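Computed from a predicted model, the values in this text were never measured in an experiment.
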Amino acid sequence: MWQRVWALLIKEFLALMKDKKSRFVLIGPPIVQVLVFGYAASFDLNEVPYAVYNEDRGQASRQLLAAFQGSPHFHPAAQIDRAEAIAPLVDSAQVLLVVRIGPQFSRQLALGQSAPLQVIVDGRDSNTALIVLNYINQILLEFNRRWMVDQGESGPPAHLEVRAWFNPNLESRWFFVPGIAGMLILVVAMLVTALSVAREREQGTFDQLLVTPLRPVEILLGKALPGFIIGLVQASAIVLVAVYWFDVPLLGSLWTLYTGIVLFLLSVIGVGLMISSLAVTQQQGLLGGFLFLVPANILSGFATPIANMPPLVQAITLINPVRYFMVVLRGVFLEATPFHLLLDQFWPMAVIAVVCLAVAGGLFRHRMY
């Protein structure tokens, strides 16, 4: 049996590798995409353009503006001398933020009073606006602390000290890169398997398989193994890039990580073989693959928390293997989650894999006969 499966496996790899386009799709884009997304996909904001309308020329206002200029997150783009100039700058998106300091700012602080500070933020992108406001709050907290020290005051009786667990520097890249690894593994494994049987039908070689000594289960196994091997190799390459290029810490064990990778690949290959068994042409297989990929990515919790989704949508995510794999990736990379605490993520992927592979086998036998 295994000799026949091995021969079919070699044949599948030769069919994939003899096509220059297939070789490029399998090798080039995943590494390029993890590099591009690793640098581009980030919640961090740097060089935020801002404008200043300073109606106060006192010491306090100069110290506050110096704090903005010294921050790596902000870039001064304009100096305003009248209130009418604020709206055009924000409307045209020349600046994301306008800092307006009132004429009594320094005087009120010198008298020990609370001095208001107005910040006008472009709210068209609410997520970006919230991040900018968080940066501003950090600057104001540090400014208040230093001002009280300079004035000889003891400061407030209680102050906030923040410690971020699992990501002490709050690097959004540490959050994104493991998730991107899951996305890329999904795309490659899905496309390789979704096109395998459809390619045989389209090229007219499917009937040749039927007259070989191969049984249906052996043909299905030979179609599944290339996607599994390619996915495993690319997963290893992406993990190496994440750890050694982007310096994302891999705190957990490789055994736990690869258990999740294997179960995820089996579940994705099962879905891909179901699509391929139903497709007559490669175009149908490709469309079917993307019909699964898009909702699987959206419902994975990669960008938006599943807990924020409506209850019905949360229930739908339970049949999405990517949901569980995201938890495994981020748990192993950032939290050093042990194997036994991830069993709740492993067994759903195993169930999805068994069900999808069984259904794919049934569909395959039905289409053969």
In short, Met309 meets Gln314 closest at the heavy-atom pair O-NE2, 2.6 Å
- Item | Any donor-acceptor pair under 3.5 Å from Arg173 side chain to Val248 backbone | no
Taking Thr317 for the side chain and Asn320 for the main chain, is one N or O donor matched with an acceptor at less than 3.5 Å?
-> no
| task | Apply the test side chain to side chain contact (heavy atoms under 4.5 Å, CB included) to residues Met183 and Val322: give CA-CA distance (whole Å), side-chain angles for both, the deciding distance (0.1 Å), then the verdict. | result | CA-CA 8 Å; Met183 296 293 101; Val322 194; 3.3 Å; yes
Got Gln104 and Gln113 here, is their nearest side-chain heavy-atom distance under 4.5 Å?
no
Leu299 and Ile306 have their tightest heavy-atom pair at O-CD1, 4.0 Å
Axial cation check for Tyr53 ring with Arg82, 6.0 Å and 45° limits:
no
Greater than 12 external heavy atoms within 6.0 Å of Ile316's CD1: yes
Leu109 and Ala60 have their tightest heavy-atom pair at CD1-CB, 3.7 Å
Quiz item: Can you tell if the side chain of Val99 reaches within under 4.5 Å of the side chain of Leu117, non-hydrogen atoms only?
Solution: yes
#### Entry: Check: Leu257 and Leu329 side chains under 4.5 Å, non-hydrogen atoms
yes
Point to revise | Tyr324 (side chain) donor-acceptor with Leu318 (main chain) under 3.5 angstrom | key: yes
Criterion side chain to side chain contact (heavy atoms under 4.5 Å, CB included) on Ile136 and Tyr50, from CA distance to verdict: CA-CA 12 Å; Ile136 295 171; Tyr50 74 98; over 6 Å; no
- prompt: Using the ring of each side chain (for Trp, its six-membered ring), is Phe176 parallel, tilted or perpendicular to Phe302, with breaks at 30° and 60°?
  reply: perpendicular
Query raised in the report: Between Trp255 and Phe339, how do the two ring planes meet: parallel, tilted or perpendicular, split at 30° and 60°?
Result: parallel
Is any side-chain heavy atom of Pro249 closer than 4.5 Å to one of Leu334?
yes
Handout entry: Derivation of the side chain to side chain contact (heavy atoms under 4.5 Å, CB included) call for Val243 and Leu240
Key = CA-CA 5 Å; Val243 173; Leu240 290 174; over 6 Å; no
Legend entry - Tyr135 reachable from Val98 in the ILVMFWY side-chain graph, under 4.5 Å edges: no
Note to self: In this structure, would Leu254 and Phe333 fall into the same cluster of hydrophobic residues linked by side-chain contacts under 4.5 Å?
What the structure shows: yes
Checking Ser61 side chain against Asp56 main chain: does a donor-acceptor pair fall under 3.5 Å?
yes
Using only atom types and a distance under 3.5 Å, with no angle test, would you say the side chain of Ser92 pairs donor to acceptor with the backbone of Pro88? yes
Mutual orientation of the aromatic rings belonging to Phe74 and Phe68 [parallel < 30°, tilted 30-60°, perpendicular > 60°]: perpendicular
Is Ile101 reachable from Ile86 through a run of I, L, V, M, F, W or Y residues, each pair having side-chain heavy atoms under 4.5 Å apart?
-> no
